[in-house]
Amino acid sequence: MAIEEVRKELVVDASAQHAFDVFTQKIGTWWPYAGHSISETKGAKAVTVEIDPVVGGEIAETSEAGKQYVWGRIKDWHPGERIKFSWLMGLEEAEASEVEVTFAQEDEKCRVTLVHRQWDGYGEGARAKRDNYDKGWDFVFGQCFSGACGSA
């Protein structure tokens, strides 16, 4: 039985390009590392996360010791419109879930939609993992990213 996707949507007071840039180029400034990083699970502190802005590029976290952890790989890159990436977080690429974020201009504002899907790689724990991410994206996307967008 397929597990339904997680879908989060918000409207920010910014242009689609600005919101896209905040999500991609400035992710290291708004991402809440405490409770939402691989380094923390390994007893270290995350200091940044960066996105290599090309199809095939990595989303990678760097710890205070300089260790890198790959969060995912870019599958689709359309500045100001859409980014889609595998979401690894400790899984192999074939087991990864997928995140797609779209940016739609609506007058002076932008509707940003995050969809997290493809939970099969988590096996029997897929439902619990999906539900955990559903709550996590409320905070990471709904509060941290939204707050970082500000105005264009």
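Small disclaimer: the values here were computed from a predicted structure and weren't measured.
Between Asp138 and Lys8 a salt bridge is recorded (basic side-chain N to carboxylate O distance below 4.0 Å). Ion pairing of Asp134 with Arg130 is present here, as a side-chain N (NZ or NE/NH1/NH2) and a carboxylate O approach within less than 4.0 Å.
In plain terms, the two heavy atoms of Val49 and Tyr33 that are nearest each other are N-OH, 3.1 Å. The shortest heavy-atom contact between Gly80 and Ala16 is O-CB, 3.4 Å. The heavy-atom pair separating Val140 from Trp30 by the smallest distance is O-CZ3, 3.5 Å. The two residues Glu95 and Leu91 make their nearest non-hydrogen contact at O-CD1, 3.4 Å. Contact record, Asp52 with Ile74: O-CG1, 3.6 Å, taken as the closest heavy-atom pair. Considering every non-hydrogen atom in both Gly142 and Ser146, the closest pair reads O-CB, 3.2 Å.
Annotation: the span from Phe85 atom CZ to Thr24 atom OG1 amounts to 10.5 Å, rounded to 0.5 Å. Atom CD of residue Gln25 and atom NE2 of residue His18 lie 10.5 Å apart, to the nearest 0.5 angstrom. Interatomic distance, CZ of Arg111 versus CG of Leu10, reported as 9.0 Å (0.5 Å rounding). To the nearest 0.5 Å, atom CZ of residue Phe103 and atom CZ of residue Arg82 are 11.0 Å apart.
Counting heavy atoms from C-beta outward, Phe145 and Ile27 have side chains that stay 4.5 Å or more apart. Counting only heavy atoms from C-beta outward, the side chains of Phe141 and Val99 never approach each other to under 4.5 Å.
In this model, a donor atom of one side chain and an acceptor atom of the other lie less than 3.5 Å apart for Gln68 and Thr62. Using a 3.5 Å distance cut-off with no hydrogens or angles, the side chains of Glu61 and Ser39 do pair a donor with an acceptor.
Distance alone, capped at 3.5 Å, is enough to place a donor-acceptor pair between the Gln105 side chain and the Lys109 backbone. Side chain of Trp31 to main chain of His36: a donor-acceptor pair is present (N/O by atom type, distance under 3.5 Å, no hydrogens or angles).
Of the listed residues (Trp119, Tyr122, Trp137), just one forms a ring-ring contact (aromatic ring centres under 6.0 Å, His included) with Trp87, and that residue is Trp137. When each of Glu92, Lys75, Glu58 is checked for a side-chain contact (heavy atoms from CB on, under 4.5 Å) with Ser86, only Lys75 meets the rule. For the pairing with Arg7, the salt bridge (Lys or Arg N to Asp or Glu O under 4.0 Å) check across Glu5, Glu9, Glu4 returns one residue only, Glu5.
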Decide side-chain contact (heavy atoms from CB on, under 4.5 Å) for Val112 and Phe20; before the verdict, give the C-alpha distance in whole Å, the side-chain angles of both, and the deciding distance to 0.1 Å.
CA-CA 9 Å; Val112 187; Phe20 181 89; over 6 Å; no

Between Glu64 and Lys45, does a salt bridge (charged side-chain N to carboxylate O under 4.0 Å, His left out) hold up when you go through it step by step?
CA-CA 6 Å; Glu64 61 188 349; Lys45 181 180 176 186; 5.5 Å; no

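Residues Val55 and Leu88 are members of separate hydrophobic clusters, defined by side-chain heavy-atom contacts under 4.5 angstrom among Ile, Leu, Val, Met, Phe, Trp and Tyr. Grouping the Ile, Leu, Val, Met, Phe, Trp and Tyr side chains by contacts below 4.5 angstrom, directly or via other members, places Val70 apart from Met89. Grouping the Ile, Leu, Val, Met, Phe, Trp and Tyr side chains by contacts below 4.5 angstrom, directly or via other members, places Trp71 with Phe139.
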